[in-house]
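A short write-up of the structure that comes next.
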Amino acid sequence: QVQLVESGGGSVQAGGSLRLSCAASGRTFGRGAMGWFRQAPGKEREFVAAISWSGGTTYYADSVKGRFTISRDIPKNTIYLQMNSLKPEDTAVHYCAAADSMRVGRFPHNYDYWGQGTQVTVSS
């Protein structure tokens with residue numbers, strides 16, 4: 001079983017930055033993709049960013065492209081989401097996800113393991 005623990009959420013003003021971390025533990029993690037999703041109150045969970053095992057392939061939602069950067073530290077089994085130029089519409093619970101598959105998916109069903117989520121609140 002894989003456990004994912006997110007950290008780094010918080011409250012910032014618009015234009016500010018936050019860095020989210022997601023540490024994976026448990027069984028030895030294979031070459032699966034990992035990603036970030038978010039869910040605002042009353043809305044469906046939406047894709048934010050994803051990264052391949054090697055870090056060589058990344059995908060971003062159009063809404064965050066150019067502002068967010070996903071990265072991966074393989075020895076530490078950790079991924080990061082650097083979020084710059086934050087906007088009020090980025091306010092949501094942000095979830096880390098990990099897949100058994102190497103395929104870098106953009107949908108929740110592409111992922112097998114989920115963290116508990118960390119709240120990001122951006123005020124105007």
Side-chain angles (χ1 to χ4, degrees):
Q1 188 69 21
V2 174
Q3 291 83 41
L4 303 175
V5 179
E6 304 100 334
S7 61
S11 298
V12 296
Q13 291 191 329
S17 298
L18 284 173
R19 188 193 194 206
L20 304 184
S21 299
C22 172
S25 62
R27 68 170 173 82
T28 301
F29 202 63
R31 299 193 174 192
M34 294 186 73
W36 291 96
F37 289 76
R38 66 187 182 187
Q39 188 166 17
K43 295 188 177 181
E44 293 187 352
R45 191 166 297 191
E46 65 173 5
F47 171 73
V48 176
I51 189 167
S52 62
W53 175 80
S54 67
T57 298
T58 56
Y59 292 125
Y60 296 93
D62 288 343
S63 59
V64 306
K65 204 171 292 183
R67 300 188 297 123
F68 291 11
T69 302
I70 189 171
S71 60
R72 185 167 189 166
D73 186 328
I74 297 173
K76 293 184 178 179
N77 263 346
T78 299
I79 64 168
Y80 305 94
L81 186 68
Q82 178 65 44
M83 305 185 295
N84 298 328
S85 302
L86 283 161
K87 303 176 181 180
E89 49 264 45
D90 294 317
T91 296
V93 177
H94 284 63
Y95 296 91
C96 173
D100 288 326
S101 170
M102 292 178 63
R103 180 175 180 268
V104 185
R106 309 184 202 201
F107 300 96
H109 68 254
N110 295 136
Y111 294 86
D112 304 286
Y113 310 99
W114 293 86
Q116 297 280 53
T118 184
Q119 177 70 45
V120 171
T121 302
V122 185
S123 58
S124 57

Residue list, side chain to side chain contact (heavy atoms under 4.5 Å, CB included) with [X], at least two apart or on another chain:
X: Ala40; result: Lys43, Ala92
X: Ser11; result: Thr121
X: Thr57; result: Ser52, Tyr59, Val104

Show every salt bridge (Lys or Arg N to Asp or Glu O under 4.0 Å) that has at least one partner inside residues 48-64, sequence neighbours left out. Asp62-Lys65
Do any pairs count as a salt bridge (Lys or Arg N to Asp or Glu O under 4.0 Å) and have a residue in residues 102-118, sequence neighbours left out, and if so which ones? none
Are [Y] and [X] connected in a single hydrophobic cluster, I mean Ile/Leu/Val/Met/Phe/Trp/Tyr linked by side-chain heavy atoms less than 4.5 Å apart?
X: Leu81; Y: Trp114; value: no
X: Val48; Y: Val12; value: yes
X: Ile79; Y: Val120; value: yes
X: Tyr113; Y: Leu20; value: yes
X: Met34; Y: Phe47; value: no

Measure the CZ-OG1 distance between Arg19 and Thr69 for me, rounded to the nearest 0.5 Å. 10.5 Å
Nearest 0.5 angstrom please: Arg72 CZ to Cys22 SG, how far? 9.5 Å
Apply side chain to side chain contact (heavy atoms under 4.5 Å, CB included) to residues Asn110 and Ser101 and explain how you reach the verdict. CA-CA 8 Å; Asn110 295 136; Ser101 170; over 6 Å; no
Flag the pair Tyr95 / Glu6 as yes when at least one side-chain heavy-atom distance between them is below 4.5 Å, and no otherwise. yes
Can you name the closest pair of heavy atoms from [X] and [Y] and give their distance?
X: Leu4; Y: Cys96; answer: CD1-O, 3.8 Å
X: Pro75; Y: Asp73; answer: CD-OD1, 3.0 Å
X: Val93; Y: Gly117; answer: CG1-CA, 3.8 Å

When the side chains of residues 83-90 are checked against the rest of the protein, which donor-acceptor pairs come out under 3.5 Å, sequence neighbours left out?
from: Asn84; atom 1: OD1; to: Ser17; atom 2: OG; distance (Å): 2.9
from: Asn84; atom 1: OD1; to: Gln82; atom 2: NE2; distance (Å): 2.9
from: Asp90; atom 1: OD1; to: Arg38; atom 2: NH1; distance (Å): 2.9
from: Asp90; atom 1: OD1; to: Arg67; atom 2: NH2; distance (Å): 3.0
from: Asp90; atom 1: OD2; to: Arg67; atom 2: NH1; distance (Å): 2.8
from: Asp90; atom 1: OD2; to: Arg67; atom 2: NH2; distance (Å): 3.4
from: Asp90; atom 1: OD2; to: Lys87; atom 2: N; distance (Å): 2.8

Side chain Thr118, main chain His94, donor-acceptor under 3.5 Å: no
Expected output: side-chain Tyr111 to main-chain Trp36 donor-acceptor under 3.5 Å: no
